[in-house]
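The structure appears right after this line, and notes come after that.
Only heavy atoms go into these numbers, but all of them, side chains included; no hydrogens, no water, no symmetry mates.
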Amino acid sequence: MTANLIPAAQYLRMSTEHQQYSLESQATAIQKYAESHSFEVVRTYSDAAKSGLVLRRRTGLQQLLQDVVGEESGYRAILVYDVSRWGRFQDTDESAHYEFLCKSAGVPVHYCAETFANDGTLPSLIMKALKRAMAGEYSRELGEKVFAGQKRLAQLGFKSGGVPGYGLRRMLVSASGVPKQELAFGERKSIATDRVILVPGPSHEVQIVKEIYRTYISDRRSLCAIARKLNRDGIPRPGHSHWDASAIRIILAHQKYVGCLVFGQISKKLNSPPVMVPKSEWILMHGAFEPVIDPATFAEAQRVFGGHRCERTDEELLDDLRRLLASEGRLSFQVIKNSGDAMSPGTYSDRFGSLRKAYKLSGYDYPVRLGGADTRLNTMALRKDLVSLIAGMFPNDVSIVRHCLHWRSRLRVYGRIDVSVLIVRSALVYKATQRWLVEPVRRERKFITLVARLDEANRSIIDFHVFRTIDRAKPFQISDDWLKGGKRLSDLSQFCEVVAQVQRVRESKRRKSHLQARL
């Protein structure tokens with residue numbers, strides 16, 4: 001480092017706005033500022049093609065804050081092009097908070113292209129607050145303009161994004177609607193004036209869609225039964241490993257299969273949590289696409305679907321369970337799910353409060369046989385309490401994430417680290433040897449995982465362990481030795497600290513792996 005020059009770090013961020021905000025333009029302006037103010041840039045943090053709305057996914061700024069707060073920076077100032085590059089946070093207090101963390105650690109932030117000096121004087125404070133508000137307002141206005149453009153295109157019958165769905169494909173057309181080519185999965189249009197519409201897919205997929213409707217309407221098969229049959233027949237589902245009830249529900253319920261474009265079902269503006277929009281506010285363009293299913297068949301499927309949901313009485317549902325019990329000799333979640341004749345397990349839980357209550361009302365009440373159900377219910381309750389407890393212990397650092405009603409809740413630490421929470425049940429195996437059953441969740445196998453072991457009676461938690469990941473496809477049993485691969489928490493107060501340590505190890509291994517791959 002040159003003598004008498006103050007070591008500084010530069011932070012660069014570019015979304016997709018204007019060329020004036022390219023990383024090179026920012027670095028050039030910062031270098032001129034550094035030369036005229038006796039700074040020497042010794043480190044660079046950058047976030048390319050990252051939105052400034054939230055801290056999440058901005059790994060450059062996250063690393064900068066960690067280095068500054070952890071006193072591992074090695075520099076005494078941070079140089080940023082302007083206030084908007086620091087962030088377009090919708091809450092101006094969030095932007096101020098991150099800057100205050102740097103300032104309180106003795107590393108002030110300098111905005112190189114602003115007309116005011118960030119020196120703490122009243123005029124600079126007023127200008128900075130105004131600039132922060134303007135930066136956030138810019139994103140709000142831009143979001144409204146983008147939404148208005150998407151809405152206009154939807155009203156013209158053009159698809160603005162998302163996957164086409166099974167039995168459908170995306171067709172690239174000119175602005176006047178002249179077909180150009182079919183887009184493969186992952187392909188995007190390259191000309192801004194081109195548009196996308198949906199067209200029927202390969203004939204074999206179209207035939208499968210029609211068979212799904214026929215089976216559902218004529219044979220009265222359940223969604224789970226249809227999915228199982230497709231899996232047994234080896235029918236592939238592009239982009240997925242298998243068929244499930246939700247995939248069948250989309251095919252039976254989405255109006256795109258009768259040629260209707262549906263836009264605006266979910267609102268997710270400015271990186272806020274997704275919100276379901278009332279159906280009266282959806283944009284529906286009938287006849288936008290060539291239909292795969294005729295309107296009469298689609299209407300009949302909706303009628304049957306409505307009957308499945310609400311027209312059957314409690315006694316009719318219980319009669320299905322009694323017939324299933326007579327044929328199978330027992331009842332369980334899997335027995336009901338695999339039957340293909342009775343309603344789904346979720347239907348019974350919603351109607352009667354729980355599967356256990358439905359079992360009792362149908363005449364199946366054997367405590368020994370239902371012991372597993374009791375254990376599962378207790379495990380679910382313990383997991384729910386544990387998730388709430390951790391979130392309550394760290395209100396500023398931990399949040400509970402649940403994308404929709406059908407997804408498990410999980411924890412998010414520091415706004416960016418997703419943590420799976422597993423309660424592992426105890427089981428006595430050969431010669432009364434104690435083991436614990438780990439049941440990984442498919443969607444969470446790549447996440448950092450908090451494992452909470454239960455006691456021998458499966459009534460209370462005995463300890464906690466944090467693992468980098470539990471990337472296993474099927475349930476498996478573990479012993480005490482297996483737990484040595486994770487980090488044990490002597491107390492839950494260590495949760496955030498240990499998760500951060502594990503995340504640093506993950507990132508370090510990932511960087512080394514990428515470096516080795518490049519070499």
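Closest approach of I266 to V277, counting heavy atoms only: C-CG2, 4.0 Å. Closest heavy-atom contact between L261 and F158: CD1-O, 3.2 Å. Closest of all the heavy-atom pairs between A135 and G87 is CB-O, 4.0 Å. Between L386 and A452, the shortest heavy-atom distance links the atoms CD2-CB, 4.0 Å. The two residues D47 and G60 have their closest heavy-atom pair at OD1-N, 2.7 Å. Smallest separation of non-hydrogen atoms from K509 and R468: CD-NH1, 3.5 Å.
Salt bridge annotation for E187-R170: absent, with no cationic side-chain nitrogen under 4.0 angstrom from a carboxylate oxygen. Salt bridge status for R322 with E315: present, with a side-chain N to carboxylate O gap under 4.0 Å. A salt bridge is defined here as a Lys NZ or Arg NE, NH1 or NH2 lying under 4.0 Å from an Asp or Glu carboxylate O, and E137 with R88 fails to meet this definition. For R416 and E507, the salt-bridge test passes: some basic side-chain N is under 4.0 Å from an acidic carboxylate O. Salt-bridge check for R323 with D319: failed, with every basic side-chain N at 4.0 Å or more from each acidic carboxylate O.
The side-chain heavy atoms of F263 and Q150, taken from C-beta on, include a pair separated by under 4.5 Å. A 4.5 Å side-chain heavy-atom check between I336 and D320 finds every atom pair outside the cut-off. Residues L454 and T379 meet the side-chain proximity criterion, which asks for heavy atoms closer than 4.5 Å. Within the 4.5 Å cutoff, side-chain heavy atoms of S174 are placed close to those of K180.
Every pair passing ring pair (Phe, Tyr, Trp, His ring centres under 6.0 Å) that includes a residue from residues 236-262 is listed here, sequence neighbours excluded: Y166-W243.
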